[in-house]
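Only one structure is covered here, and it is reproduced in the block below.
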Amino acid sequence: MGAHKIRFYPLDIMYKVKNSKPLIYLFGKTAEDKQVCVVDDSFRPYFYVLLKDEDMTDSFCSKVKKIKLEHKNREAAVTDTEITEKKYLGKKRKAVKVYVKIPADVPVIREVIKEWDMIDSINEYDVNYTRRYLIDKGITPLTLVEAEGEMIKLKSRVPCFKADKIEHYSSESIKDPKVFAFDIETYNPAGKRYVPEEHPIIMLAIYGENYRKVLTWKKFKTDKKYIEFADGEVDLINRFKEIIEKNKPDILTGYYSDGFDLPYIITRARHYGIDLDLGLDYSSLNLKKGNRKSIKITGLVHLDVFKFISKIMGRGLDTDSYSLDNVAAEILGEKKIEVEIDGLAKAWDDGTEASLDNFCEYNLKDALLTYKLCLKIFPNIKEMVKIVGLTVYDVSRMSFSQLVEWYIMKQAKDFNEIAPNKPHYDEIGERRKKRYKGAFVFEPKPGLFKDIAVFDFRSLYPTIISSHNIGPSTLQCGCCKEKAEHAPTEDSKYWFCRKKKGFLPSIVEGLITRRMRIKEMLKEKEKDVMLNARSESLKVLANSFYGYLGFFGARWYCFECAESVTAYGRHYIHKVINAAGERGFEVLYSDTDSIFLLLGDQKKEDALKLVENINSKLPGIMELEYEGFYPSGIFVSAKAGKYGAKKKYALLDDKGALKITGFETVRRNWSFIAKEVQEKVLDIVLKERDLQKAVKYVKKTIDDLKDKKIPNEKLEIYTQLKKEIGDYESIGPHVAVAQRMKNKGIDVGPGSLIKYIITEGSGRIRDKAKMKDEVKKGEYDADYYILHQVVPSVERIFDVLGYKKEDLIAGDQSKLGEYF
DNA sequence: ATTCACTGCTTACC
DNA sequence: ACTGGTAAGCAGTGAAC
């Protein structure tokens with residue numbers, strides 16, 4: 001045989017059944033930057049069976065091997081069994097690995113045997129065959145793999161290679177995948193609702209390295225070389241296909257392309273009978289329905305930048321919404337081109353040259369921003385792919401819980417663990433009802449303070465899980481029963497094994513220590529993109545473990561574990577609070593894992609000594625860290641009573657930057673004018689300590705409001721619709737506005753961000769709330785914005801400075817006017 | 001008709 | 001349905017006055 005070797009970076013995986021045999025297709029890029037498809041027919045689908053009585057193993061095996069049944073015109077059969085020594089939730093178990101012919105046989109065979117009396121449980125029957133392949137073979141997408149075999153002929157857009165042997169080669173990963181970004185503009189005359197069945201795609205922009213193009217099909221004069229005129233929409237779609245086929249990108253990216261662009265293109269293509277067979281195996285775009293639709297293109301990676309940013313990276317962003325404009329502004333520091341997009345349909349109808357030209361530029365810019373965003377987030381996705389071990393397509397669409405679960409699934413192979421099953425409907429219901437106590441939050445004393453030192457536990461919950469060996473397999477172990485250390489829950493009824501490290505605590509510890517090593521390396525090269533991305537991915541995973549333990553849908557769900565983690569968390573933060581008190585520090589605030597100390601007449605070094613002392617007593621890898629020193633900070637009282645408001649404070653750091661937490665300033669459902677005033681007041685108070693200046697500023701704003709000088713944009717209030725309009729029991733302003741929008745034919749539903757302004761009039765606030773487009777200049781209700789927005793946002797800050805609340809509000813506005 | 005305690009709802013923090 | 005609990009604070013709701 002003339003077998004030879006190739007090395008490649010896998011990008012996508014799929015399987016097909018041929019002659020009753022499943023074939024794995026790995027699509028990727030060779031080390032020489034050529035596309036390739038590697039085929040492997042050696043991997044057999046299987047699942048595990050645990051028996052009640054292990055002595056029955058042989059009789060089970062012979063019985064199960066006899067199963068043969070007709071299913072959908074073919075014969076489903078067990079091909080083999082294998083007796084394996086595994087671990088299941090901390091116990092050694094003999095597990096029978098049951099092999100079947102093709103993946104689709106797994107549920108068929110399971111259905112037959114699931115009522116058999118001798119069976120304790122059937123496991124891993126729902127593990128997707130391609131994911132199973134990646135895990136079992138130790139193959140990580142984007143990471144160098146070596147295959148041995150020979151080239152074969154198959155119906156495919158890329159050369160195919162039949163592998164006799166395939167294995168992970170090195171951790172070296174793909175360098176610069178070829179990225180093409182695209183974006184469409186559609187004809188939308190009413191400017192309200194997208195109707196893909198009726199309205200054509202009129203522009204389609206594509207952007208890649210050294211490639212830019214806008215396809216459109218209404219001819220007009222232009223000097224832009226990137227504009228290409230197609231002969232109508234059919235031609236536009238076909239050109240799009242051609243361009244992708246010809247340029248062979250590794251990644252096709254869009255912004256919300258799972259939810260809008262590609263479904264739209266699919267609908268239009270279907271309308272004309274065009275086959276969008278862009279898959280490298282000539283398969284069509286595959287729309288995966290479900291709660292959140294997604295679109296897969298076999299062989300190349302369809303990456304919806306919006307999905308990954310909104311699900312995983314969004315936490316770190318300050319933006320109010322995940323619109324392309326906002327996200328690009330924050331991540332890239334670049335905005336979209338400003339156009340009145342509602343005018344596109346008219347410009348299209350009228351054929352207004354200058355206008356269409358401009359819309360093309362706008363279209364291209366969107367594709368460009370998407371392209372840049374994709375390059376920017378790709379290192380993060382790549383590192384997550386390398387850690388979790390699944391494809392870019394999967395990882396970029398996963399939620400936190402799924403990432404954690406698949407990371408555990410991958411580790412389970414190395415730890416020889418069998419995965420527990422997902423809960424069924426009833427079990428989910430039961431789990432969802434259960435609640436447990438969470439973190440401790442210290443009630444602050446309202447006031448303006450000087451010299452504050454802040455400390456926090458480094459990854460509190462993950463380090464607790466590791467240091468106290470918390471996991472389902474170590475819970476209530478028999479070996480420690482007599483002299484166990486109990487978790488500090490209210491009734492102290494749980495303990496965790498102290499003798500043997502559990503599976504989950506081991507892998508959490510692995511994540512933390514790996515990240516510590518990377519942090520160490522980052523000290524040398526701060527800006528290293530790859531290391532930063534890896535550190536971030538490890539952090540995201542470790543931090544999600546605790547939530548995963550308490551998540552109703554988790555395979556490794558463990559209510560007692562989650563409850564114990566927070567109990568230990570409260571225990572340790574209280575220890576720190578007490579120790580600080582004993583050392584003569586006044587504790588200003590604490591939330592979950594952080595503590596704010598007033599230095600008073602002590603020095604920073606004294607506080608650091610305290611931390612050192614605490615650290616010497618902490619178990620395992622737990623550690624309290626110095627977070628920062630703040631020359632000035634303010635805590636305010638809560639609206640509801642005379643107590644200090646939690647989760648609401650502002651600090652001035654030693655570089656002069658203001659750090660605002662929890663205040664209206666950082667909440668999107670407050671008007672910009674109120675947020676602006678509040679931020680300014682905090683700034684003046686903390687930096688300049690000039691009360692009169694702050695008062696003057698507020699007074700000026702109130703006057704401007706009264707004089708109708710404030711533009712509408714500063715008065716918009718954003719509130720998200722979280723469910724169907726009809727499902728609301730209580731109709732708030734945003735729901736009322738959404739209803740009226742819907743009546744007008746505007747497409748709003750769960751997830752829509754409703755923007756409204758309160759206008760003059762009588763009745764409830766919701767009756768005065770109007771969508772922003774309906775409000776003309778100066779039609780706003782000045783009293784509302786003064787009394788319900790601006791004054792409430794600053795009154796408790798002034799309160800701290802000695803002004804009585806009564807003086808500020810005093811019921812009617814005339815008195816308010818007097819004060820300011 | 002007005003007041004008030006309560007609930008629903010959204011969005012923050014960690 | 002797609003990680004957890006803690007918390008603030010709005011507007012609406014409906015019973016008591």
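To find a chain, count down the sequence lines: A is the first, B the second, and so on, and within it residues start at 1.
Nucleic acid contact class of A/F559 (heavy atoms, under 4.0 Å, all strands): none. At a threshold of 4.0 angstrom between heavy atoms, the contacts of A/Y557 with the nucleic acid are absent. Residue contacts shown for A/T719 are limited to sugar-phosphate atoms, with no base heavy atom under 4.0 Å away. Nucleic acid contact for A/I428: none, since no nucleic acid atom lies under 4.0 Å from a heavy atom of the residue.
Summarising the geometry, the separation between CD on A/Q720 and C1' on C/dC10 is reported as 17 Å, rounded to the nearest angstrom. Spacing between atom CD of A/E664 and atom C1' of B/dT10 amounts to 13 Å, rounded to whole angstrom units. Summarising the geometry, the separation between NZ on A/K539 and P on C/dT3 is reported as 18 Å, rounded to the nearest angstrom. Distance CG (A/L787) to C1' (C/dG9): 17 Å, rounded to an integer number of Å. Between A/K639 atom NZ and C/dA11 atom P there is a gap of 10 Å when expressed in whole angstrom units. The distance between atom CD1 of A/I725 and atom C1' of B/dG8, rounded to the nearest whole Å, is 17 Å. Look at NZ on A/K659: it is 11 Å from C1' on B/dC14, rounded to the nearest Å. Atom-to-atom, CG of A/L317 to P of B/dT11 comes out at 16 Å; the value is rounded to the nearest Å.
Salt bridge A/E427/A/R431: present, at least one basic N to carboxylate O contact under 4.0 Å. Remark: A/E490 engages A/K437 in a salt bridge, criterion side-chain N to carboxylate O under 4.0 Å. The residues A/K770 and A/E779 are annotated as not salt-bridged, no charged nitrogen and carboxylate oxygen being separated by less than 4.0 angstrom. The residues A/K647 and A/D591 are annotated as salt-bridged, a charged nitrogen and a carboxylate oxygen being separated by less than 4.0 angstrom. Note on A/D304 versus A/R397: no salt bridge recorded, every NZ/NE/NH1/NH2 to OD/OE distance being 4.0 Å or above.
With a 6.0 Å radius and a threshold of 12 heavy atoms from other residues, nucleotides or ligands, A/K539 has its NZ atom at or below the threshold.
An OP1 or OP2 oxygen of B/dT10 is reached within less than 4.0 angstrom by a side-chain nitrogen or oxygen of A/Y728. Residue A/S401 has a polar side-chain atom (N or O) positioned under 4.0 Å from OP1 or OP2 of C/dT3. Distances shorter than 4.0 Å separate none of the side-chain N or O atoms of A/R431 from OP1 or OP2 on C/dA1. A/S730 has no side-chain polar atom (N or O) that falls below the 4.0 Å cut-off from OP1 or OP2 of C/dT13. Contact between the side-chain N/O atoms of A/Q402 and the OP1/OP2 oxygens of C/dT3 is not found at any separation under 4.0 Å. Note on A/K723: a side-chain N or O is less than 4.0 Å away from OP1 or OP2 of B/dC9. Phosphate proximity of B/dT10 to A/H734: present, with a side-chain N or O under 4.0 Å from OP1 or OP2. Between A/R764 and C/dG12, a side-chain N or O to OP1/OP2 separation shorter than 4.0 Å is absent.
With a 6.0 Å cutoff to the six-membered ring centre and a 45° limit on the axis angle, A/R432 counts as a cation-pi contact of A/F552. A cation-pi contact links A/K723 to A/Y728, judged by a cut-off of 6.0 Å to the six-membered ring centre and 45° from its axis.
Within the 4.5 Å cutoff, the side chain of A/S401 has heavy atoms near those of the A/Y548 side chain. At least one side-chain heavy atom of A/R796 sits under 4.5 Å from a side-chain heavy atom of A/K648.
Closest approach to the A/R766 side chain among C/dG12, B/dC9, C/dA11 is made by C/dG12 (side chain taken as heavy atoms from C-beta onward). When the nucleotides B/dA12, C/dG12, B/dC9 are ranked by their closest atom to the side chain of A/I765, C/dG12 comes out on top. In the set B/dT11, C/dA1, B/dC14, the nucleotide with an atom closest to the side chain of A/N669 is B/dT11.
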Verdict with reasoning, A/F496 to A/H468, per ring pair (Phe, Tyr, Trp, His ring centres under 6.0 Å) | CA-CA 7 Å; A/F496 297 90; A/H468 288 281; 8.7 Å; no

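How far OG of A/S396 is from CG of A/L303: 5.0 Å, rounded to the nearest 0.5 Å. With rounding to the nearest 0.5 Å, the separation of CG in A/D394 from CE in A/M384 is 13.5 Å.
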Got a list of protein N/O to nucleotides 14-17 of chain C N/O distances below 3.5 Å?
none

Pairs: protein N or O with nucleotides 4-7 of chain C N or O, under 3.5 Å:
{"unit_1": "C/dG5", "atom_1": "OP2", "unit_2": "A/R435", "atom_2": "NH1", "d": "3.2"}
{"unit_1": "C/dG5", "atom_1": "O3'", "unit_2": "A/G438", "atom_2": "N", "d": "2.7"}
{"unit_1": "C/dT6", "atom_1": "OP1", "unit_2": "A/G438", "atom_2": "N", "d": "2.8"}
{"unit_1": "C/dA7", "atom_1": "OP1", "unit_2": "A/K646", "atom_2": "NZ", "d": "2.9"}

Dot-bracket, DNA chain C: Watson-Crick or G-U, under 3.5 angstrom, [ ] crossing, | other strand?
-> ...|||||||||||||.

